[in-house]
Amino acid sequence: MGLDYDDQNIFARILRGEIPNDTVAENEHALAFRDIAPKSPSHVLVIPKGKYVSFDDFAANAPVEEIAGFMRLCAEVIAKEGVGLDGGRGFRAITNAGPDGVQEVPHFHLHIMGGRMMGPMVSLRD
Ligand code: AMP
């Protein structure tokens with residue numbers, strides 16, 4: 001593993017079953033669940049089951065089978081939510097990292113958001 005990982009972060013607690021989640025899909029390497037404060041009609045978080053702080057930590061340090069399992073679960077979520085380009089209207093997938101990325105939960109997660117026009121890519125405020 002790469003960066004220092006806080007075992008008490010909320011997604012670690014979800015993975016241990018200590019707090020509930022609204023699961024959308026799951027496989028050996030990853031879990032997908034609905035964001036508790038959705039910013040779009042469909043707003044799903046996909047997280048690896050391994051202890052990775054951020055996207056760069058996961059990309060650099062996860063074994064390839066974990067990366068593949070994570071990506072395949074993303075594809076499953078996109079299909080299940082009906083936002084893929086084979087019939088759906090599309091989606092936005094984003095990940096926040098660190099202070100400048102305004103990351104709240106220090107366990108890598110991808111936001112998959114759709115069901116409405118997502119607007120400009122970034123809207124900055126101080
Ligand atoms: P980020 O700023 O990228 O770290 O986003 C963290 C996301 O986690 C936010 O969109 C929160 O609404 C979401 N979140 C926080 N706690 C929970 C929870 N218990 N279940 C589901 N989503 C959560």
Side-chain angles (χ1 to χ4, degrees):
M1 301 285 162
L3 303 175
D4 270 354
Y5 180 85
D6 170 15
D7 269 314
Q8 292 310 314
N9 81 74
I10 196 131
F11 294 167
R13 299 187 61 209
I14 284 177
L15 285 169
R16 289 197 295 269
E18 294 169 7
I19 54 173
N21 75 90
D22 187 357
T23 299
V24 174
E26 182 172 9
N27 67 20
E28 183 188 349
H29 296 294
L31 174 69
F33 53 95
R34 298 201 183 281
D35 195 292
I36 205 165
K39 310 290 188 300
S40 51
S42 170
H43 186 169
V44 178
L45 303 175
V46 186
I47 67 174
K49 291 185 175 177
K51 299 178 179 184
Y52 303 98
V53 172
S54 57
F55 174 78
D56 49 323
D57 186 18
F58 182 69
N61 297 310
V64 291
E65 59 274 18
E66 271 184 57
I67 294 173
F70 176 87
M71 295 300 278
R72 292 288 200 236
L73 197 70
C74 291
E76 198 179 317
V77 167
I78 289 162
K80 266 191 174 168
E81 293 295 290
V83 295
L85 297 191
D86 56 345
R89 287 182 48 85
F91 59 91
R92 181 162 294 157
I94 60 169
T95 183
N96 302 315
D100 279 5
V102 197
Q103 180 179 8
E104 289 168 22
V105 180
H107 179 113
F108 166 51
H109 50 282
L110 191 71
H111 297 253
I112 297 176
M113 307 163 76
R116 70 166 169 89
M117 254 287 284
M118 296 306 299
M121 188 166 74
V122 178
S123 149
L124 292 175
R125 62 184 152 74
D126 292 326

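Along the sequence shown, residues carry numbers from 1. Because only heavy atoms are used, hydrogens play no part in the values below, and waters and symmetry mates are left out as well, while side chains stay in. Ligands are counted one by one from 1 in listed order, and the atoms in each one are counted from 1 as well.
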Quick one: CZ on F108 to CG on L45, what's the gap to the nearest 0.5 Å?
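Answer for the CZ-CG pair, F108 versus L45, is 11.0 Å.
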
Let me confirm one number: the CD1-CG distance from I47 to L31, rounded to the nearest 0.5 Å.
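Between atom CD1 of I47 and atom CG of L31 there are 5.0 Å.
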
Closest heavy-atom contact between [X] and [Y]?
X	Y	value
F58	I67	CZ-CA, 3.7 Å
L110	C74	CD2-SG, 3.8 Å
P63	Y52	CD-OH, 3.5 Å

Side chain to side chain, P48 and H107, heavy atoms closer than 4.5 Å:
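When only atoms from C-beta onward are counted, H107 and P48 do touch, with a gap below 4.5 Å.
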
Using side-chain heavy atoms (C-beta onward) and a distance below 4.5 Å, is E81 in contact with I112?
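The answer is no; the side chains never approach within 4.5 Å.
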
For [X], atoms of ligand 1 separated by under 4.0 Å from a heavy atom:
X	answer
H111	1 (P), 3 (O), 5 (O), 7 (C), 10 (O)
V102	2 (O)
N96	1 (P), 2 (O), 3 (O)
A37	12 (O)
F33	21 (C)

For D7 and K51, run salt bridge (Lys or Arg N to Asp or Glu O under 4.0 Å): C-alpha distance rounded to whole Å, both residues' side-chain angles, the deciding distance at 0.1 Å, then the answer.
CA-CA 8 Å; D7 269 314; K51 299 178 179 184; 3.1 Å; yes

Looking only at distances, please establish whether an N/O atom of ligand 1 is found under 3.5 Å from an N/O atom of H43.
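In this structure, H43 places no N or O atom under 3.5 Å from an N or O of ligand 1.
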
Nearest-contact summary for [atom] - protein heavy atom, Å:
atom	answer
atom 8 (O) of ligand 1	F11 CZ, 3.4 Å
atom 11 (C) of ligand 1	D35 OD1, 3.5 Å
atom 4 (O) of ligand 1	E104 N, 2.7 Å
atom 15 (C) of ligand 1	I36 CG2, 4.1 Å
atom 1 (P) of ligand 1	H109 NE2, 3.1 Å

Closer than 3.5 angstrom, by distance alone: can the side chain of Q103 be matched with the main-chain N or O of V53 as a donor-acceptor pair?
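Flag set: sc Q103 to bb V53 pair under 3.5 Å.
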
Under 4.0 Å, heavy-atom basis, I'd like to know which part of R34 is in contact with ligand 1: side chain, backbone, both or neither.
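Just the backbone.
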
If we set the cut-off at 4.0 Å for heavy atoms, which region of L45 has an atom near ligand 1: side chain, backbone, both, or neither?
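For L45, the contact with ligand 1 is made by the side chain alone.
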
Hey, does V105 sit under 4.0 Å from ligand 1 if you only count heavy atoms?
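The answer is yes: ligand 1 sits under 4.0 Å from a heavy atom of V105.
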
